[in-house]
Amino acid sequence: MDDLLPDFLLETHEGLSLVEKALSRLQDAPDDAPTRAEIFRQVHNIKGACGFLGLPRLEKLAHAAESMLGLCRDGSLAVTPQSMAPLVAAMDAMRQIVLGLEQHGQEPAGDDGVVIAALEAASVAASHALPKLGAPEKDRPALAPLRTLRVPVDVLEDLLRLMSELARSRNQLIQLARASSDSQISAAVQRLSQITSELQAGVMKTRLQPIGTAWATIPRQLRDLAHQLGKKINLKIRGADTELDRQVLELIRDPLMHMLRNSADHGLETPAERRAAGKPEVGQIRLNAYHQAQYIIIEISDDGRGLPLKEIRAKVQAQGLATQAELARMSEDDVRGFIFQPGFSTAQQITPVSGRGIGMDVVKANIERMGGTIDLRSEEGRGTSFTLKIPLTLAMISALIVQAGGERFALPQIGVVELIRLDDSHESVARLERIKGTLMLRLRDRVLPVVSLSTLLRLGVALAECLERYVIVTQVGTHRFCILVDRILDVENITVKPLAPILRHITIFGGNTILDDGSVIMILDPHGLGRGAGIAPEAFAEDEEIIEAPPAINAVTKTPLLLFRAGDEALQAVPLGQVMRLEDIAVERIEFAGAAPFVAHRGQSMPLLPMGAHWQAPKSGRQAVLVLSDGDHPLGLMVDEVLDVLDDAVLIQPEASRPAYLGSAEVAGRVAQVIDTGYWLSRAYPDGIAGSPFCRQGA
Amino acid sequence: MTVMENLAEASLVAEQEDDVFLIVTLAGQACGLPVMLVRHLLGPQVITPIPLAPSGVVGGFNLGGRIVTAIDLRRRLSLPIADDASVINVIVEYAGALYSLIVDQVQEVQPLQVSKTYPIPPRLDPLWQDLARNIYRSDDQMIVMLDVERLLCIG
C-alpha cells in the first residue's frame, strides 16, 4: 500500500484541483452538464482509491460528497453558491486530510460529522424539493486517452544535466571542426549540432508547466476573501496556459497570492465607497500572463483606489525614511516605490488578510532573487497595477565572466549597474582614491566603497600593469559598491549549481558552474562580496547617502543595435542605423599604407581601424568589418565577431562617458558598451567630418 | 581499466562491498579507501582553484556535467608535497556530491579480512588518528584504512 500512496496523493491533489476549477466554472455556467459530470467523476475516483488504500475518513467524506454530486449531475440539485457551500467545505476538509497524509503517512484524526451532515442535508432537501429534470446522462462520449506520462523530477533534472554536457561537447567539436578542412567532418558536426539544439529545446520543454496550475485555487481564495471583506470582486484571468519552468512556478506562487490579497484588501474599495466614487460596485482584479522573449510577464491589476500618495508621504516621514525636503524632490513614482521598503504599510488598520507590514519588500526580494523585476503603476482613484518580469527558467542566468589575480569568476549580471574602465586621463569619470588606506571610487559626484576582488579572495598579486583596470558598480538592496577586477572577459548564460557542502561556508561564492569550454568556474555572490568587504548596511557611515539616486543619465532610448565582440571589451554594440553594411573580407585583400591597413573598395580605398589595442593582421582567414560612413568617406572597423542584431535595445547614455563610447545598453539582461561611431570616423579622418551627424550629441 | 575490473571482481568475492578496499599510495604510505564510495579513477584534470577554500581543497573540475571538488590527500594528511608526484583522482560520491581524493598511485583492490585489522596505535599522529578507521596488515604491507567521512569534514 505504501508504494501506492505517493501516486494516490498526486492524483488526489490533481483531482481536487480539477474539482475546484470545475466548481468555479459552474459559478458562471451553473447548467453546464459536462462540468457537473466531471466533478462527480473526480470525486468518485478519489472515493474508489480510498476504499482500496484503507482511508476511512477520506472515504466517508468522498462518499457523502459523491451522493450530493450525483443529484447535481442528474440535475435534481440546482447549482447555486448556497447549494454548493457544503461541497466546498467538503473539498477543503479533504485537502486537509490529504496534506496530513502527505506529512505523516496516515490520515490525521478529526471529525467530519458537521461537513457530512451538511452534505446529506443538501442531498435530502434536493431529492424532496425538485423533480428529476431528465434522464441521467449515461453515455458520455469517450474521452481521448491522456497522452501524458508521469516522470520523476530527478530523471528530468538528470536529463537536463546530461543535455548541458552534450551541448558543451558539441561546442568543443565545432571548434575542432572549424580548424579541420575535411568537409565530411564539418557536415557531420553540422548535423550533430542541429540535433543537439533540437534535443535541448525538447528537454527544456519537459520542465515547463502552464502557470494555470499555480492559479487553480486563486478564484476560490479570492471568493472567500471577498466574502470576508464584504467586497464584491470579479476576477479575470488570462493566459493561464502560459508555460514556465516548474521551479519558477513554485517560487512565484506565494508572492502572487500575496499581491492578489493586497489588491482585494487595500486596492479595492467597499461597494459603498465605489458607489460614492461613481464606480460600479463590483471591483475588477485582472491577472494576466504572457511570454516576452526569455521572460514571462505577469500583470496583476485592480480598478481600486490606487496608492494614496499623501498617506505614503506621511508614513515615510513618520518612519524617518526620508525628510520632507527629500520627499518634495521625489517623483510620484519614487514615492510609490516606498511600498517596497521593509516594514512599510499604509493600511490604516491591520486586517487578518494583509497589512502586517511583511509585504511588498519580501515579494520584491523574492522576485529579484530569481532574476526578475517588479514594476508598479498606480493612479489615485483609478487603480494599481503590478508587472512582474520573470525569467522563464531559473536554470540559466546571465553572468559576466571576469578575471582577477589570474583566475576567472562569474558575476551574475543582476545588480550590475555600470561597467567602468579606469584610465589615467583627466576626463575619466571615475577615479580610484585611497582614504586612510581604504580604497574608494570617486565616480562623477559621489564616492563609493570599493572591493578589490584579488585582495578579498587573497589571490597573489600578479604583474602590476595588468591589474584591476575595471570597475563593476554593483547594487545590493539599496547599497552600491564597486568591484575591482583585472579584466572583463565575456558574458555567458550559466546554470548555477550549488557548492559542495564542504565549501558552503565561503559566502563570497553563491555557487559554481561549468562554462561552455567545459571548465569549472566559481560564481560570486554580490551580497557575500559586500559582506566580505565589510560593506554591510551598518558599515555605512551615518551621513552617507544610503539610498542612492540612479546615476545621472542623459538619455535612455530604445534603438536597434548590432552586437559584436572586439578587443578585450566584453560585449560591444553600435546603433544599427550607423552601420552601412557588414563585410567579411579575405585577409589577403587587406593592404597596408605604412602600418595603416586599408582595403580597396569600389575604386576607393577604405581605411581599416582595429577596435582592439593589440590588433595584428591575421595570416589567413577572414576579417569581420563594420563599414561606417560619414557620407563621403567609408571606414572599416575591424571586429572579432559580429554577434546579433537587437530590435529594441535600451540605450543608456550617461552625462559623461568614456571617449569612444556613447554609453551602455541593456541587451536582454546583459550590458553592452555602445561605441561612438563619430569618434572612430574622426580618428580615420581627423579633419573631415566636424559637422557630421554622427558626432556625439551633447558631448 | 584493470583496476575497475578488479573492483568488480573483488566485490563478488566479499560479502559486503564495504569490506572491499582500494589500496592507494601517498608519499610511499599505503592507504585504504572503501570501494563502495568509489565511482571513477581518473588521471590528471584541469582544476579550477577555489579561493578561500579549506586547506587541502585544491579546486573543482567537470566530470560529465557534474562538478567534482578535488582534495589533495597529501595536503589533507599533512604529508610532504612533491611536485613530481603522479596524480590519480579517486572520485568518491558522498552525501550526494562528488569529490576527488588525489593520490599518488592506485595499487589494487583487496577484500578485507577482519582477522587482520588492528586498532590505530595511540602514538600515531593525532591528525591521522582522527582520519583513520584502523590499520590493516596485508601480506606485504601495513595499510592505513581512511575514513572518507572524516576526510571530508573540513568545511
Side-chain angles (χ1 to χ4, degrees), chain A residues 154 157-170 172 203 395 401 403-410 452-460 494-509 511-525 528-529 532, chain B residues 33 37-40 42-77 81 87 89-102 127 130-131 146-155:
Chain A
D154 293 356
E157 298 286 323
D158 233 27
L159 269 181
L160 191 71
R161 174 180 65 78
L162 288 172
M163 193 58 244
S164 322
E165 194 57 14
L166 177 61
R168 267 191 291 276
S169 312
R170 182 257 327 251
Q172 283 165 12
V203 170
I401 310 298
Q403 186 175 322
E407 299 297 336
R408 295 190 297 176
F409 300 94
S452 154
L453 202 53
S454 56
T455 310
L456 190 65
L457 298 178
R458 290 183 223 136
L459 300 165
I494 57 171
T495 47
V496 181
K497 292 168 187 274
L499 291 175
I502 64 168
L503 301 172
R504 296 221 173 117
H505 64 286
I506 316 176
T507 54
I508 284 174
F509 299 123
N512 46 16
T513 195
I514 302 168
L515 292 179
D516 275 349
D517 64 6
S519 61
V520 170
I521 191 166
M522 304 302 290
I523 303 170
L524 298 164
D525 176 5
L529 276 177
Chain B
L33 293 165
L37 301 177
V38 177
R39 297 287 172 270
H40 302 274
L42 303 172
Q45 300 288 314
V46 180
I47 293 180
T48 302
I50 303 172
L52 312 182
S55 156
V57 176
V58 287
F61 63 87
N62 170 15
L63 177 62
R66 290 180 73 181
I67 295 176
V68 181
T69 306
I71 295 162
D72 184 342
L73 277 196
R74 275 188 181 238
R75 281 175 215 257
R76 182 72 183 99
L77 294 166
I81 308 302
V87 169
N89 287 279
V90 179
I91 312 295
V92 296
E93 182 155 4
Y94 183 75
L98 290 181
Y99 297 92
S100 161
L101 303 175
I102 298 177
L127 176 72
D130 185 40
L131 299 177
L146 294 172
D147 185 333
V148 172
E149 185 178 349
R150 302 293 312 154
L151 284 176
L152 296 178
C153 219
I154 41 178

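Only heavy atoms go into these numbers, but all of them, side chains included; no hydrogens, no water, no symmetry mates. Here is how names work: the chains are called A, B, and so on, in the same order as the sequence lines, proteins then strands, and each is numbered from 1.
For A/L457, the parts sitting under 4.5 Å from any heavy atom of chain B are the backbone and the side chain alike. With a 4.5 Å cut-off on non-hydrogen atoms, A/S169 does not touch chain B at all. Only the side chain of B/I71 comes within contact range of chain A, with heavy atoms under 4.5 Å apart. In this structure, chain A has a heavy atom under 4.5 Å from the side chain of B/V57, while its backbone stays farther away. Contacts between B/Y94 and chain A at a heavy-atom distance below 4.5 Å are absent for every atom of the residue.
Within a 6.0 Å radius of CZ in B/R74, other residues, nucleotides and ligands contribute more than 12 heavy atoms.
Between the CD1 atom in A/I521 and the CD1 atom in B/I50 there is a gap of 12.0 Å [rounded to 0.5 Å]. The CZ atom of B/R66 sits 7.5 Å away from atom CG of A/D158, with the distance rounded to the nearest 0.5 Å.
A donor-acceptor contact shorter than 3.5 Å links the side chain of B/N62 to the backbone of A/G518. Under the 3.5 Å distance criterion, the side-chain polar atoms of A/R408 are left unmatched by any main-chain donor or acceptor of B/T48.
Between chain A and the residues B/A97, B/A95, B/G60, B/G96, the largest count of heavy-atom pairs under 4.5 Å involves B/G60.
Partner B/L52 forms a side chain to side chain contact (heavy atoms under 4.5 Å, CB included) with one of A/L456, A/I508, A/T507 and no other, that one being A/I508.
Counting only heavy atoms from C-beta outward, the side chains of A/L503 and B/P54 approach each other to under 4.5 Å. Taking 4.5 Å as the limit, some side-chain heavy atom of B/P49 sits within range of a side-chain heavy atom of A/E407. Looking only at side-chain heavy atoms (C-beta outward), B/P51 and A/F509 come within less than 4.5 Å of each other.
Minimum heavy-atom separation, A/K497 to B/I67: CD-CD1, 3.8 Å.
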